[in-house]
Number of protein chains: 2
Amino acid sequence: MARPPRKPADPGPAETPPPGRRHRSRGGMTLSELAQIAGVSPMSASRALNAPALVSPAILAKVQAAVASTGYVANRVAGGLASRRSRLVAAVLPSLAGSVFEPMVQSLFVALAQSDYQLLLGQSGYGVQQDHRFLEALIGRRPDGLVLCGVVPSAEGARQLAAARLPVVETWDMVASPIDMVVGFSHESIARAVAEHLLRHGHRQFAFVGGDHERARRRGKAFASAIQAGGKSRNEPVSIVLETAPTPGTVRGGREALRRILARQPKTSAVFCSSDMLALGMVTEAQARGIAVPGQIAIVGFGDASFSADIRPALTTVRVDSEAIGRKAAHCIVERAEGREVANAVVDVGFSLIVRETA
Amino acid sequence: MARPPRKPADPGPAETPPPGRRHRSRGGMTLSELAQIAGVSPMSASRALNAPALVSPAILAKVQAAVASTGYVANRVAGGLASRRSRLVAAVLPSLAGSVFEPMVQSLFVALAQSDYQLLLGQSGYGVQQDHRFLEALIGRRPDGLVLCGVVPSAEGARQLAAARLPVVETWDMVASPIDMVVGFSHESIARAVAEHLLRHGHRQFAFVGGDHERARRRGKAFASAIQAGGKSRNEPVSIVLETAPTPGTVRGGREALRRILARQPKTSAVFCSSDMLALGMVTEAQARGIAVPGQIAIVGFGDASFSADIRPALTTVRVDSEAIGRKAAHCIVERAEGREVANAVVDVGFSLIVRETA
DNA sequence: CTGTTAGCGCATTCAG
DNA sequence: CTGAATGCGCTAACAG
């Protein structure tokens, strides 16, 4: 007794009063059903939902009543397919855990939500490794835009992004040759500001501690250059050691890094850390060893974490306006997704050096 | 010169050799195009992509070659619509910023990715407020499951979730009457363990500091009950004050809370904090005021944050296996999404009291 | 194992 | 302002 094909040309006796749907189990009500209940055409219901201004008050009221009584929730995957706009934005970050990007992602999320876009998450790990795997997964959702948070795509990844013809915003450290749009800050400028501050306070032997990834190494080099340049312009001998700590930065990582630094360059008197967690570790280790902070060693953090102002001694650190980055990145994506041009494809939100007690 | 309807029955002269598509600008290549290039039927191409075992090696090879040469990325929104499976899981958390849920969300993310599911993010704020707004947005994507991370849905929200007939996992504190599945730990058990530890060490005047939301208040009450019970069984007078600090917990919040506690109950000798950040604040404030930790005041944190073992004094805290929670939640969702039953709909991952220096 | 047919639930397009 | 027709790109269900 073979079942007939799905719904063949079967103008036979109407066995099922409603047009005999198949699997009305998952997915809930459809727009057509809603429209039927409201007593309007599906198209009017669609408009009442998406462009209320285009329908008469009467229809609007009927549809809204039907929504209220049924709890109808539109199927956005169908809508996305039909309209070719998913209202989805993909965000790629190295890792969720212990990441310094959270405040940025948070504000990105909120700003996007306000424009009725949702966030799809991707994680890259910190490497420039095979990101094409998960990039494909994201691209397959046909997001209306993509935000890279402190992530540098591989050449292959960049190609995929280009092929997908998506609005892309790179955030955090600004990169030299952006794929599309960039919102962030200049680590060179920050390096110079920190170097200048420290040199002015008489320090001559420095250290830098960054994560164990390419981006951090570039920051270390920028800081080293700034220190060298400052020494030269002052005609004073300076020295600097570059250390690395596991990413994401931890107190333990900071403590261990300080030990290594002091082993390599015992008279180090100032350290610039790529995160406040690392800096907290440095302070902790220094205290444990009876080294005065900032008396014997000055410590500068990065990020102005929530705890930085309130620990003792309070951390001197570099603050970047993560919220602004998230917000502006969202703006860039939304504008482009709606077909408008974005005037400033490269936005530098700047930074500020917050001088507190540790330096 | 009215344009003809979109593509009406127009068997006229074939003007465009390929079947005259409309807007081949966004969205990239289609499966049919891929199939054509590979020289197979669309359905074979689909199978080669999604169920390679069902096609002959010859077809598989052809399709894979075509994918490699074109960079084809399947459109999952179309696939989702057709198959009624989005391979999307929605995760709701109070906030991304400074949240204690990150390690859990991280492992949830990874575990889901391994089963080829992606994470759609939702934020609720800590309140039990109008979550139905963004719940609708999530449900509209027709996710295959939903994970609530430390979030209690409102009655309205719970109704929507029920109506959506989704697999739902509530995580973190286990709730008394779950919507569907639960993975987490028992705050009552934790309260008892901490109370017992503290009582055994001779403490009699306690404080509890939690966030300013319902869930935290329940934890505070559980701790108070455990303390009272412990005092009664020992026949010793005990007292406890309940304080609250802004969520998410910060060092500043902890410092301020300690001040209030000491103002209310000067002889407080043991404090249980609902997060390690708060505990760090307490330690900081105590040190700033010359109060010895743990000599004069013992402090117990919660969460075993990355810094807790490495600060001085090292934090005594309660560890929960966040990774396990994320992993198991993912398992629950995936199993149900694939139509299998989940044997343990309620999973307690337990906890451990990590005794270090502060208590 | 392979191909054909018929939609998934919605929005775009155009004619009223 | 409203509605009917059409198909977004893919897969389920069948028949070979």
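Quick note on labels: first sequence line is chain A, next is B, and so on, each numbered from 1. Being a predicted model, the structure only gives us computed values, none of them experimental.
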Ranking D:dG9, C:dC8, C:dT12 by distance to the side chain of A:S83, first place goes to C:dT12
Of the candidates D:dT2, C:dC10, C:dC8, the side chain of A:A78 sits closest to C:dC10
Whether B:Y72 contacts D:dC10 is assessed here as follows: a side-chain N or O lying under 4.0 Å from the phosphate OP1 or OP2. Is that the case? yes
Between CG of A:L31 and P of D:dC8 the distance, given in whole Å, is 19 Å
Worksheet item: Considering residues, nucleotides and ligands other than A:E156, do more than 12 of their heavy atoms fall under 6.0 Å from its CD?
Response: yes
query = Counting only heavy atoms not in A:Q36, do more than 12 sit closer than 6.0 Å to its CD atom?
reply = no
| message | Looking at B:E338 and B:R85, is any side-chain nitrogen of the basic one under 4.0 Å from a carboxylate oxygen of the acidic one? | response | yes
message = Tell me whether the side-chain N/O atoms of A:R84 come closer than 4.0 Å to OP1 or OP2 in D:dG9.
response = yes
Per the under-4.0 Å heavy-atom filter, residues of residues 46-57 of chain B near DNA chain D come out as B:S46, B:N50
note: B:E33, atom CD; D:dC10, atom P; distance rounded to Å ~ 9 Å
Taken to the nearest 0.5 Å, the spacing of A:Q123 CD from A:L93 CG works out to 6.0 Å
Here the distance between atom C1' of D:dT2 and atom CG of A:L60, to the nearest Å, is 14 Å
When B:L81 and B:M43 are each assigned the nearest nucleotide of DNA chain D, the 5'-most assignment goes to B:L81
Rounded to whole Å, CD of A:Q36 lies from P of D:dG3 at a distance of 13 Å
Taken in chain and number order and not counting sequence neighbours, the residues that satisfy side chain to side chain contact (heavy atoms under 4.5 Å, CB included) with A:P178 are A:E170, A:V175, A:V182
What I'd like to find out is whether the side chain of A:V55 reaches to under 4.5 Å of the side chain of A:V63, using heavy atoms alone. no
Regarding the side chain of B:I59, the nearest nucleotide among D:dG9, C:dG3, C:dC10 is C:dG3
Phosphate OP1/OP2 of D:dT2: any A:S44 side-chain N/O under 4.0 Å = no
Can you see if the side chain of A:R85 gets near the phosphate of C:dA11 - specifically, an N or O under 4.0 Å from OP1 or OP2?
no
When rounded to the nearest 0.5 Å, the distance separating CD1 of B:I325 from CG of B:L108 is 11.0 Å
Testing C:dC10, D:dA4, C:dC8 for proximity to the side chain of A:S41, the answer is D:dA4
